[in-house]
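Just below is one structure, and these are the notes that go with it.
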Number of protein chains: 2
Amino acid sequence: MKTKLDILKQYGLSVTDSRKKILELFLNADGALAHADIEKNAAKNFDRVTVYRTLQTFVEKGIVHQIPTTDNSILYALCKQNCQQGHHHDDHVHFICSNCDKTICLDDVTIPQVKLPINFTKQQAAMVVTGVCEDCK
Amino acid sequence: MKTKLDILKQYGLSVTDSRKKILELFLNADGALAHADIEKNAAKNFDRVTVYRTLQTFVEKGIVHQIPTTDNSILYALCKQNCQQGHHHDDHVHFICSNCDKTICLDDVTIPQVKLPINFTKQQAAMVVTGVCEDCK
DNA sequence: ATAATTATGCAATACTGTTGCAAATAAAGA
DNA sequence: TCTTTATTTGCAACAGTATTGCATAATTAT
Ligand SMILES: [Mn+2]
Ligand SMILES: [Mn+2]
Ligand SMILES: [Zn+2]
Ligand SMILES: [Zn+2]
């Protein structure tokens, strides 16, 4: 089984308390986390700034990916595929439950292709579906 | 031709200087606008708070819709279809150009259906594609 | 024209995110 | 293991973003 420590080393990061703690939060979470969630659960011991910097590092390294929202908050979730430095393979759909507010990576639901107008070139695509999740059904 | 005034009346809003001005900005814009854009162009005369409240009202009424981003900013764009109070028909793809940074409503590109896992119910879907736009090609 | 309703501006306040720098910690090398 | 080097952290200061209550001003309805 892959430990927090393994993951940090695998991505070439030095192993520190805050990184271990924040990574643990992701491993135990059943949905995506907002900065505020992490701050609430981890920042008792760590400075706010450290949380910002850790999340930024994790995104850069490809340990977590970001999920866009329309409420001025970014959500973060563990990358499950083989994401690497500056190259995410985050082609799955995200689901936000309007009842329990959890955001879930639907790792098996691939973002469908779309035909863009002529002269538009695609680099990345994100898809967020809102609705009612299986638990709230 | 439908004027600013018509639009405001159509949605049951009282006609005020700030609403007219902000609506004008949207009508003249060739892409989506961030709060900051509006503040920069309109807030010479209006208070910041008024911009917040106006955008909120426009979203509620269905005059503009929001576009999610991963940079802690919300973008707003005019609704072109028949959106109404609390019921947006915003089923088109949004395109963010990584070169010129403009965000464009691809009104003719419909968000494709996705098959959700069992016991998940869909309410809304948003899709944001990044890449290079026709002007920057 | 007047009254009732609604929107605005202002001030205060809270929340969110960034930067520089010194101290602390971790990794690399002997 | 001890020492050196590189990296990370916390703090403080600051800038930017968003929300609220309330008095005043503007708009709409009568
Ligand atoms: Mn995901
Ligand atoms: Mn749009
Ligand atoms: Zn739910
Ligand atoms: Zn462009």
Side-chain angles (χ1 to χ4, degrees), chain A residues 3-26 32-61 63-64 66-76 85 101, chain B residues 3-26 32-64 66-76 85 101 103:
Chain A
T3 75
K4 289 166 283 184
L5 214 136
D6 293 333
I7 295 175
L8 290 174
K9 286 187 172 164
Q10 173 192 342
Y11 286 93
L13 291 176
S14 39
V15 177
T16 67
D17 287 348
S18 44
R19 286 176 181 166
K20 277 189 287 185
K21 176 62 180 169
I22 293 175
L23 192 46
E24 184 179 278
L25 288 178
F26 278 109
L33 299 176
H35 175 97
D37 298 321
I38 295 161
E39 200 177 318
K40 198 168 53 198
N41 289 300
K44 298 289 187 301
N45 314 304
F46 306 115
D47 193 83
R48 249 160 55 73
V49 178
T50 300
V51 177
Y52 280 110
R53 292 197 270 227
T54 303
L55 285 174
Q56 189 179 302
T57 302
F58 282 7
V59 170
E60 281 164 6
K61 292 291 179 177
I63 298 176
V64 303
Q66 298 176 300
I67 304 165
T69 68
T70 51
D71 72 340
N72 273 313
S73 77
I74 304 174
L75 294 172
Y76 301 85
Q85 177 100 29
D101 248 6
Chain B
T3 76
K4 290 166 283 184
L5 214 137
D6 293 333
I7 296 175
L8 291 173
K9 284 188 172 162
Q10 172 192 343
Y11 286 94
L13 291 175
S14 40
V15 177
T16 68
D17 287 348
S18 44
R19 286 176 182 166
K20 276 188 288 184
K21 175 63 179 170
I22 292 175
L23 191 46
E24 185 179 275
L25 287 178
F26 278 110
L33 299 176
H35 175 98
D37 299 321
I38 294 160
E39 199 178 320
K40 197 167 54 195
N41 289 299
K44 298 293 187 301
N45 314 304
F46 308 114
D47 194 84
R48 253 171 82 68
V49 178
T50 301
V51 177
Y52 281 110
R53 292 197 270 226
T54 303
L55 284 173
Q56 188 179 303
T57 302
F58 282 6
V59 170
E60 280 165 6
K61 292 291 178 174
I63 298 176
V64 302
Q66 298 176 301
I67 303 165
T69 68
T70 52
D71 71 341
N72 274 315
S73 77
I74 305 174
L75 294 171
Y76 300 86
Q85 176 100 31
D101 248 6
T103 297

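Per chain, numbering begins at 1; letters A, B, ... match sequence-line order. Predicted model, so just to flag it, every value in this text is computed and none were measured. Worth knowing before you read on, the calculation uses all heavy atoms, side chains too, and leaves out hydrogens, waters and symmetry mates.
Residues B:Leu13 and B:Ile63 are in side-chain contact: their nearest non-hydrogen atoms beyond the backbone lie under 4.5 Å apart. At a threshold of 4.5 Å between non-hydrogen side-chain atoms, the residues B:Tyr11 and B:Thr57 do not count as touching. Contact annotation: the side chain of B:Tyr52 never approaches that of B:Asp47 to less than 4.5 Å [non-hydrogen atoms, C-beta and beyond].
Going from atom CD1 of B:Ile38 over to atom OG1 of B:Thr50 covers 12.5 Å, rounded to the nearest 0.5 Å. With rounding to the nearest 0.5 angstrom, the CG atom of A:Leu25 is 11.0 Å from the NZ atom of A:Lys40.
Shown here are the side-chain contact (heavy atoms from CB on, under 4.5 Å) partners of B:Thr16, two or more places apart in sequence or in another chain: B:Ser18, B:Arg19. A search for side chain to side chain donor-acceptor pair (under 3.5 Å) contacts involving B:Lys4 returns B:Glu24, not counting sequence neighbours. Checked against side-chain contact (heavy atoms from CB on, under 4.5 Å), A:Ile74 has the following partners two or more places apart in sequence or in another chain: A:Gln66, A:Tyr76, B:Asn72. Residues satisfying the side-chain contact (heavy atoms from CB on, under 4.5 Å) criterion with A:Ala34, sequence neighbours excluded, are A:Asp37, A:Leu75. Every residue meeting the side-chain contact (heavy atoms from CB on, under 4.5 Å) condition with A:Asp17, not counting sequence neighbours, appears here in chain and number order: A:Lys20, A:Phe46.
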Contact state string [nucleotides 17-30 of chain C, B base, S sugar-phosphate only, - no protein heavy atom under 4.0 Å]: BBBB-----SS---

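Heavy-atom contacts of chain B under 4.0 Å fall on DNA chain D between two terminal nucleotides, which in 5' to 3' order are D:dT17 to D:dT28.
When heavy atoms are screened at a 4.0 angstrom cut-off, B:Ser18 is found touching the sugar-phosphate backbone but no base atom.
To the nearest angstrom, P of C:dT6 lies 10 Å from NZ of B:Lys61. Here C:dC15 presents its P atom at 16 Å from CG of A:Asp71, a figure rounded to the nearest Å.
Inter-axis angle, ends of the helix from C:dA1-D:dT30 to C:dA30-D:dT1, five pairs per end, rounded to 10 degrees: 40°.
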